[in-house]
*Asks:* 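This is the structure I have questions about; it appears just below.
When reading the values below, keep in mind they use all heavy atoms of this one structure, side chains included, and skip hydrogens, waters and symmetry mates.
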Amino acid sequence: MNKNPFIGVAGNIGVGKTTFTEIVAKHFGLTEFYESVIDNPYLEDFYTDMSRWSFNLQIYFLHHRFSSHIKMSNSKGGVIQDRTIYEDVEIFARNLFDMKLMSKRDWETYTELFKNMVAFLKKPDLIVYLSANTNVLIGRIENRNRKFEKKIDSEYLHRLNIFIC
């Protein structure tokens with residue numbers, strides 16, 4: 001393995017990215033970087049009214065992941081990231097746009113901002129993709145019992161699974 005690898009972990013909501021990240025980081029002595037979920041001020045609103053909050057949520061994630069990416073770039077050792085910046089545009093934001101939950105204007109603004117930001121970033125050396133069927137994801141999400149996730153639409157999860165695969 002590269003002396004200072006940059007590993008990204010990808011996959012749907014509830015697939016086990018955080019657990020996988022923790023295990024790999026501990027095993028290889030990597031610094032972990034996690035997706036902003038528990039402290040995310042938009043998630044509950046988003047799951048209540050996806051079309052109203054889709055753009056705000058995606059901008060929040062873009063900002064948070066860009067900030068994490070800069071910290072990772074300045075890190076002296078190897079890093080592992082639970083969800084990369086690249087999934088947002090190609091899977092989550094695109095899916096919201098395709099589902100008509102994000103306007104064309106917001107999609108274009110988001111994608112242009114994304115392109116400008118990632119031009120300054122180092123790409124991961126490896127991306128590990130984790131997958132599970134939609135019923136497994138729903139069960140895991142229910143088991144972790146996060147209040148804001150109770151409103152996740154199973155059709156949305158299923159579409160993300162189709163989009164990711």
*Asks:* On a heavy-atom basis, which atom in Y110 and which in Q58 lie closest, and how many Å separate them?
*Replies:* CE1-O, 3.5 Å
*Asks:* Using every non-hydrogen atom in the two residues, find where S154 and I138 come nearest and quote the distance to one decimal.
*Replies:* CB-CD1, 3.5 Å
*Asks:* Looking at F61, is R65 sitting on its ring face, NZ or CZ under 6.0 Å from the six-membered ring centre and within 45 degrees of the normal?
*Replies:* yes
*Asks:* Using modelled atom types and a 3.5 Å cut-off, is there a donor and acceptor pairing between side-chain atoms of E87 and backbone atoms of G11?
*Replies:* yes
*Asks:* Determine, using ring centers only, whether H69 and F6 are less than 6.0 Å apart.
*Replies:* yes
*Asks:* Can you give me every donor-acceptor pair (side chain of residues 17-31, partner residue at least two apart or in another chain, under 3.5 Å) with its distance?
*Replies:*
residue, atom, partner, partner atom, Å
K17, NZ, N12, O, 3.0
T18, OG1, D82, OD2, 2.6
T21, OG1, K17, O, 2.7

*Asks:* Taking all non-hydrogen atoms of both residues, which atom of M102 and which atom of F97 are closest, and how far apart?
*Replies:* O-CD1, 3.4 Å
*Asks:* Does N161 use its side chain to pair, donor to acceptor, with the backbone of L157 at less than 3.5 Å?
*Replies:* no
*Asks:* Apply salt bridge (charged side-chain N to carboxylate O under 4.0 Å, His left out) to K104 and E108, showing your working.
*Replies:* CA-CA 6 Å; K104 183 177 182 194; E108 289 173 351; 3.7 Å; yes
*Asks:* Using a 4.5 Å cut-off on heavy atoms from C-beta on, say whether the side chain of I152 contacts that of F46.
*Replies:* no
*Asks:* Could you tell me which non-hydrogen atom of T84 sits nearest to which non-hydrogen atom of P124, and how far apart they are?
*Replies:* CG2-CG, 4.4 Å
*Asks:* What is the minimum heavy-atom distance between N133 and V136, and which atoms define it?
*Replies:* OD1-N, 2.9 Å
*Asks:* Mind listing the closest non-hydrogen atom pair of K122 and Y86 along with its distance?
*Replies:* O-OH, 4.1 Å
*Asks:* Donor-acceptor pair, R144 side chain versus E149 backbone, under 3.5 Å?
*Replies:* no
